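No experiment lies behind these values; they were computed from the predicted model shown. Residue numbering restarts at 1 for every chain, and letters A, B, ... go by the order of the sequence lines.
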Number of protein chains: 2
Amino acid sequence: MELAPKTKPSIRDVAAAAGVSRAAVSLVLNGGKIRISQEKRDKIIAVARELNYTPHVGARRLAIRRMETLGLVLPTQPEALSEYNLFELTHAVAEAAREHNYDLLLHFFDPSQTDAMPGTPGRVDGSIVVLGRKDTSDLPARLSAAQHPTVIVGGGFFVQKPEHFIDVDVSTGLMIATRHLIQLGHRNIAYVSHTEHSEKMNGYIVAMTKARLPIRKEWIIEIGFTEKALQEAAAQIKEMNPRPTGLVFTSDAIAVRMMRLFRELGLRIPADLSITGFDNIEIASFVTPGLTTVRVPTRKIADLAVRHLVGIVEKQPPRKLQSMLTAELVVRNSTGVPPGGLPPM
Amino acid sequence: MELAPKTKPSIRDVAAAAGVSRAAVSLVLNGGKIRISQEKRDKIIAVARELNYTPHVGARRLAIRRMETLGLVLPTQPEALSEYNLFELTHAVAEAAREHNYDLLLHFFDPSQTDAMPGTPGRVDGSIVVLGRKDTSDLPARLSAAQHPTVIVGGGFFVQKPEHFIDVDVSTGLMIATRHLIQLGHRNIAYVSHTEHSEKMNGYIVAMTKARLPIRKEWIIEIGFTEKALQEAAAQIKEMNPRPTGLVFTSDAIAVRMMRLFRELGLRIPADLSITGFDNIEIASFVTPGLTTVRVPTRKIADLAVRHLVGIVEKQPPRKLQSMLTAELVVRNSTGVPPGGLPPM
DNA sequence: CTGAAAGCGCTTACAG
DNA sequence: CTGAAAGCGCTTACAG
């Protein structure tokens with residue numbers, strides 16, 4: 001049975017075993033400026049690998065005066081049915097950070113607690129702060145005042161735009177969902193939101209207007225979460241005259257439940273009614289028919305946020321980041337040609 | 001306008017401003033053994049606060065030879081509809097770590113990649129590793145061989161029990177759900193799982209057996225995820241003779257969808273049929289009637305895992321941790337007295 | 001009870 | 001092109 005090494009090997013051990021100075025080891029391993037024989041270089045690398053050497057990060061960070069660590073600041077009370085899947089986002093940010101050789105420190109904070117400062121500055125070189133549409137936190141301002149490099153995820157619709165933010169353009173998301181229906185041949189398309197959400201509504205309106213399609217007042221529907229409300233809405237939509245042949249929803253969770261209600265009422269999907277959702281939640285692919293929906297490009301957001309933050313930290317050209325990423329359409333079987341409609345050419 | 005401090009204050013700054021040695025500052029701030037006048041002590045603390053001093057964590061960790069950091073290792077591909085809500089768990093672990101004054105480092109890894117070692121050892125003092133029921137990773141063994149303090153979340157049903165683990169006893173969870181129905185007066189209760197899950201089934205069987213209630217073979221139903229399967233199952237259950245008056249499900253997501261199917265078939269919930277779920281997902285409280293369900297005590301799990309890991313790291317009595325926590329019942333309105341049944345006394 | 005000193009492990013100018 | 005040395009900021013025995 002092997003014995004685990006008593007203690008982590010240090011740079012001295014590597015230097016001794018390779019017969020060079022500690023400086024040489026450091027310079028070679030970190031790709032520093034050093035002209036050294038290929039032989040010695042190889043030797044150092046081989047020895048380091050054999051000893052399973054990694055520098056003590058505390059010592060290293062003390063010497064280089066950087067923490068090589070990014071902070072991810074998350075809301076303790078995320079909005080219900082938000083377009084951001086926080087776990088997915090966390091995962092993506094962690095991966096991205098690692099690719100840049102940064103550790104990731106997690107910090108949860110309550111946006112309504114206006115006083116508390118996340119304890120991360122000082123132990124991280126910069127932070128990614130995730131904020132909901134309705135969070136009116138002054139944290140970005142405070143971090144900015146403290147000269148702390150910060151990228152906001154989600155600040156795209158704040159009145160006061162953060163210097164560096166990235167957000168998803170849900171408006172365009174709803175626009176492409178609506179356009180998808182239009183391209184299938186639908187003309188009567190209603191918009192159903194689970195909560196007040198003017199950006200998403202704008203996407204619907206833009207798509208309809210561009211296609212010179214009518215928008216009726218009763219086609220803009222806000223229904224909430226309760227079963228009763230959904231039932232009433234379903235019945236109401238069924239009785240409309242003309243009845244919409246396509247429905248764009250602002251949430252998969254609601255769309256999935258409504259699909260079932262419509263079926264109870266005798267409407268077939270997509271034969272009588274085409275439906276699109278938003279979020280691409282797990283069950284959207286389980287239901288029958290599979291729900292056509294819009295997904296937020298979480299990986300892209302994370303990659304961009306991390307790359308930009310690392311850029312600021314490492315003092316590369318500090319341009320601004322004010323990015324709105326487009327949500328993407330995921331086509332499944334809940335959408336088809338309208339009743340009596342012809343397939344598109 | 002205030003100027004942000006050029007640089008982080010160091011312990012020298014505090015010592016100078018307070019008129020004491022650096023050692024005194026360190027000792028006082030860390031609660032070390034030092035007999036010093038109350039006056040000086042207060043002065044040090046006041047100055048430290050005023051300067052907003054926090055020790056450089058790199059330097060501190062180098063000196064104390066601990067990283068004051070815990071690792072959280074998460075699976076890249078969590079099981080679908082797992083009983084663990086990974087984001088909730090991450091949140092809870094982060095909070096717990098902070099209460100113990102540890103940072104939390106996130107690391108994702110793919111349990112099927114048997115070779116890769118999470119890069120965390122060396123930068124953390126210990127790790128919490130989350131594993132699914134079906135993950136047959138040798139990571140626990142490798143971490144153990146490397147003497148790395150490790151607590152497994154979810155290893156309760158591995159053949160080879162980890163030395164330190166904590167898991168949720170889903171069996172008892174299903175047991176209390178079943179018992180809840182029994183106490184309401186139900187006698188004919190069926191078990192519906194979305195996937196093979198012998199532990200949960202055991203909970204059902206135990207509850208039924210203890211109450212001396214019959215278990216029919218056709219009352220143990222496995223239905224999967226697809227809409228078609230759910231529809232068939234719903235129809236089949238409706239036609240059963242005797243028909244169950246209570247149904248215990250192994251997943252909220254499935255239970256919610258089935259509730260609707262039953263209603264389509266003319267069965268009222270809970271008047272004709274009582275239903276319980278599992279997981280306490282967000283929509284369980286939105287639907288009507290609200291879904292009675294079972295929740296996993298995520299906070300408790302996180303607290304216990306962190307506390308134990310910190311104990312190991314700080315060399316406190318290193319007893320084993322082999323804990324199975326009980327899931328908890330959340331009573332809503334999808335359960336009631338059976339048709340024709342009397343309310344319990 | 002205090003203060004000067006060593007040492008944690010690493011990086012990086014700076015002489016040779 | 002290399003090697004000896006200083007310094008990053010902190011903690012903790014160890015003399016006084």
Side-chain angles (χ1 to χ4, degrees), chain A residues 5-45 47-48 51-69 101 103 121-125 314, chain B residues 5-45 47-48 51-69 101 103 121-125 314:
Chain A
K6 289 284 171 252
T7 180
K8 211 166 166 296
S10 85
I11 197 170
R12 327 181 86 91
D13 301 320
V14 179
V20 298
S21 72
R22 288 179 274 153
V25 174
S26 174
L27 263 353
V28 165
L29 258 28
N30 294 314
K33 268 192 73 150
I34 179 177
R35 285 178 48 66
I36 191 174
S37 70
Q38 190 61 39
E39 188 185 9
K40 280 190 178 177
R41 182 185 293 272
D42 292 344
K43 178 81 177 173
I44 290 171
I45 293 172
V47 166
L51 262 44
N52 199 13
Y53 167 74
T54 47
H56 185 289
V57 294
R60 168 166 232 268
R61 288 165 188 178
L62 178 58
I64 67 176
R65 280 160 208 154
R66 267 191 304 123
M67 293 307 294
E68 302 177 305
T69 302
N101 290 316
D103 281 341
R123 37 207 354 160
V124 302
D125 303 311
E314 299 179 355
Chain B
K6 288 284 170 247
T7 179
K8 211 168 165 298
S10 84
I11 196 169
R12 330 182 84 91
D13 300 321
V14 179
V20 298
S21 70
R22 288 180 275 153
V25 174
S26 174
L27 262 356
V28 164
L29 258 28
N30 294 313
K33 270 192 71 149
I34 181 177
R35 283 176 53 60
I36 192 175
S37 70
Q38 190 63 38
E39 188 186 6
K40 281 191 179 176
R41 181 185 295 272
D42 292 344
K43 179 80 177 170
I44 290 171
I45 293 172
V47 167
L51 262 44
N52 200 13
Y53 167 74
T54 48
H56 185 288
V57 294
R60 166 166 233 269
R61 288 164 189 179
L62 178 58
I64 66 175
R65 278 159 213 161
R66 268 191 304 122
M67 294 305 296
E68 303 178 303
T69 303
N101 291 315
D103 281 343
R123 37 205 357 156
V124 302
D125 303 311
E314 298 180 356

K.L.:
In whole Å, what is the span from the NE2 atom of His56(A) to the P atom of dG9(D)?
P.N.:
17 Å
K.L.:
Rounded to the Å, how far apart are Leu29(A) CG and dG9(C) P?
P.N.:
17 Å
K.L.:
So how far is it from Leu51(A) CG to Ser10(A) OG, rounded to the nearest 0.5 Å?
P.N.:
9.5 Å
K.L.:
Can you tell which of dG3(D), dC10(D), dT12(D) lies closest to the side chain of Ser21(A)?
P.N.:
dG3(D)
K.L.:
If you compare every side-chain N and O of Arg60(B) against the phosphate oxygens of dG9(D) (OP1, OP2), does one of them come in below 4.0 Å?
P.N.:
no
K.L.:
Pick out the pairs of N or O atoms, protein on one side and nucleotides 6-8 of chain C on the other, that lie under 3.5 Å.
P.N.:
none

K.L.:
Kindly determine whether Asp13(B) and Val47(B) satisfy side-chain contact (heavy atoms from CB on, under 4.5 Å), including the steps that lead there.
P.N.:
CA-CA 9 Å; Asp13(B) 300 321; Val47(B) 167; over 6 Å; no
K.L.:
Where do Asn52(A) and Pro9(A) come nearest, in terms of heavy atoms and distance?
P.N.:
O-CG, 4.2 Å
K.L.:
Just by distance, do the side chain of Asp42(A) and the backbone of Glu39(A) share a donor-acceptor pair under 3.5 Å?
P.N.:
no
K.L.:
Any side-chain to backbone donor/acceptor pair from Asp125(B) onto Thr69(B)? Under 3.5 Å, distance only.
P.N.:
yes
K.L.:
From CD1 of Ile11(B) over to C1' of dT12(D), roughly how many Å is that when rounded to an integer?
P.N.:
12 Å
K.L.:
Extract all donor-acceptor atom pairs below 3.5 Å that involve side chains of residues 54-64 of chain A and protein atoms in other chains or at least two apart in sequence.
P.N.:
from	atom 1	to	atom 2	distance (Å)
Thr54(A)	OG1	Lys8(A)	NZ	3.3
His56(A)	ND1	Gly58(A)	N	2.9
His56(A)	ND1	Ala59(A)	N	3.1
Arg60(A)	NH1	Glu68(A)	OE2	2.2
Arg60(A)	NH2	Asn30(A)	OD1	3.1
Arg61(A)	NE	Met67(A)	O	3.0
Arg61(A)	NE	Glu68(A)	OE1	3.4
Arg61(A)	NH2	Asp103(A)	OD2	2.9

K.L.:
Nearest whole Å is fine: how far is dG9(D) C1' from Arg66(A) CZ?
P.N.:
18 Å
K.L.:
Which heavy atom of Arg41(A) sits nearest to which heavy atom of Val28(A), and what is that distance?
P.N.:
CG-CG1, 4.0 Å
K.L.:
Working to the nearest 0.5 angstrom, can you tell me the gap between Leu27(B) CG and Ser21(B) OG?
P.N.:
8.0 Å
K.L.:
For Asn30(B) and dG9(D), give me the distance from atom CG to atom C1', rounded to whole Å.
P.N.:
13 Å
K.L.:
Output the pairing pattern of DNA chain D as a dot-bracket string, 5' first, Watson-Crick or G-U wobble with both distances under 3.5 Å, | for cross-strand pairs, [ ] for crossing pairs.
P.N.:
|||.||||||||.|||
K.L.:
Which of the following nucleotides, dT2(D), dT2(C), dG3(C), is nearest to the side chain of Ile36(A)?
P.N.:
dT2(D)
K.L.:
Met67(A) has an atom CE; how far is it from atom P of dC10(C), in whole Å?
P.N.:
16 Å
K.L.:
What is the distance from CD of Glu39(B) to P of dT2(C), rounded to the nearest Å?
P.N.:
11 Å
K.L.:
State, to 0.1 Å, how close Ala15(B) and Val25(B) come at their nearest heavy-atom pair, and which atoms those are.
P.N.:
CA-CG2, 3.6 Å
K.L.:
CG of Leu27(A) versus P of dC14(C): gap in Å, rounded?
P.N.:
15 Å
K.L.:
Can you tell which of dT11(C), dT12(D), dG9(D) lies closest to the side chain of Ser10(B)?
P.N.:
dG9(D)
